[in-house]
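The chains referred to below are lettered A, B, ... by the order of the sequence lines, with proteins before strands, and numbering in each begins at 1.
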There are 2 protein chains.
Amino acid sequence: MHPLQSAGRAPDLTAAHHLLRHAGLRPTRPRLRLAWLLFCQGPRHVSAEMLASEVAATGFAVAQGTIYNALNAFARAGLVREVVIDGERTWFDTHVAPHHHMVDAAGHLHDIPADVVSLGNLPPLPAGQEIASVELVVRLRPK
Amino acid sequence: MHPLQSAGRAPDLTAAHHLLRHAGLRPTRPRLRLAWLLFCQGPRHVSAEMLASEVAATGFAVAQGTIYNALNAFARAGLVREVVIDGERTWFDTHVAPHHHMVDAAGHLHDIPADVVSLGNLPPLPAGQEIASVELVVRLRPK
DNA sequence: ATAGCTGCAAATGCTTTGCAAGGCC
DNA sequence: GGCCTTGCAAAGCATTTGCAGCTAT
C-alpha cells in the first residue's frame, strides 16, 4: 500500500507527479496532494481556503503557508492562473487558456468562453506597451 | 476668508456641498474636502492611499479610517464606483456610468468606453439570477 | 437634542516571510 | 551534500470596527 493514500481510497499520484516534473517543480508530498486535487479531481476554481479544506478532507495536513507557496509556484509555472474577482481573496483557475468568468450570487465562478467577448477599437495604448491580458467578469445577483 | 482654505488657495466648496446634500450625505469637513478633491479637481481613479496623500498635500489631516468610511459612503450613495483591478487595493472611480478599464504598466487606470465591448451569447445564467454588472480589464505590459 | 461623524487605536482577515528542520536530486 | 520546501509562527498590509467626543440639523 502506498503511504499517501487516504481513508479507503489510494489516489493515483503518478499523473500529478508527471505534471510537476514537467513544470520544473519538485514533486514534494504537499505539492503532489495539491496537484492531485487540482488537476486529477475537483473543481477548477479554487481559493487558498477552499483548497485547504479539500486537503484537510482527504486526511492530510498541509500548512496554510505551504498552500499559498504551492499555489503561487503553480501559477509561476503556468499550471494555474490567478483570477481577480474581488478584493476579498485570490482565486486560482486550473483552466489557463484565455477565457472569462461569471460570478453567481453564491460567489461561485463559471467560465465564459473567450469568443463570447469581442473588442472594438480600444483607446490608444501608451507608447511601448502591449496588451498582456483581457479579462471580463460578469457579476450576477438574485432577480 | 473661509476657514477651510489651504495655504494660498481658497477652494470653493459650494459645489461639493451641494453634491453631498443631494446624495443625502452630511457635508462634514472631511467629506467636503474629499468630495472637492474627487469631483471638483483631480483624477478620476483613486485608491484610499492616493486620496489620503492628496488631502495631506492640501494641508489638512483626515484620519485614515475616515477616508475609508467616506469613500464607502460615497460608493453607497452612488457618487463613486468601486473598481476591482487587483487584490492589492480597492480603487474608486468617479465615473459611475458603465465602462471598462485599461491598467498600464505603471499601474494607472484608463477608461475604455462601454461600447468597445460586445458580448455574444453568455452561458445560461443560474435560475433566478440576473446580470448585475459586466466589467472588463485590459492589462498592459512593457513591449 | 440627537443621530450621525470623526479620530484614534485596536482588531480583522488574507497573504507573505523568517527560520530551523526535513526532503529531493 | 546542497538547495529547495515545509511547518510554524510572526509579520505585513489594506481595510474595518469600537468607542468617546464632536457636529450638523
(request) Produce a footprint string for nucleotides 19-25 of chain C: one letter per nucleotide, 5' end first; B if the base is under 4.0 Å from any protein heavy atom, S if only the sugar-phosphate is, - if neither. (result) ----BBS

Short question: side chain of [X], backbone of [Y] - any donor-acceptor pair under 3.5 Å?
X: B:Gln129; Y: A:Asp104; result: no
X: B:Arg139; Y: B:Ile85; result: yes
X: B:Glu54; Y: B:Leu37; result: no
X: B:Arg76; Y: B:Leu71; result: no
X: B:Arg31; Y: B:Arg26; result: yes

(message) Let me spell it out: for each of A:Gly24 and B:Ala48, pick the nucleotide of DNA chain D with the closest heavy atom. Which residue's pick is nearer the 5' end?
(response) A:Gly24

(request) Could you check how far CZ of A:Arg33 sits from P of D:dG7, rounded to whole Å? (result) 13 Å

(request) Give the rounded distance in Å between these two atoms: CE of A:Met50 and P of C:dT15. (result) 13 Å

(request) Run the salt-bridge test on B:Arg44 and B:Asp111 with the 4.0 Å N-O cut-off and return the result as yes or no. (result) yes

(request) Specify the closest pair of heavy atoms between B:Val116 and A:Asn121, including all atoms of both residues, with the distance to one decimal. (result) CG2-O, 3.4 Å

(request) Report the relative orientation of the aromatic rings in B:His101 and B:His45; use parallel for angles under 30°, tilted for 30 to 60°, perpendicular for over 60°. (result) perpendicular

(message) So if I take residues 63-90 of chain A and measure heavy-atom distances to DNA chain D, which residues fall below 4.0 Å?
(response) A:Ala63, A:Thr66

(message) Side chain of B:Arg31, heavy atoms from C-beta onward: which of C:dT15, C:dG7, C:dC5 has the nearest atom to it?
(response) C:dC5

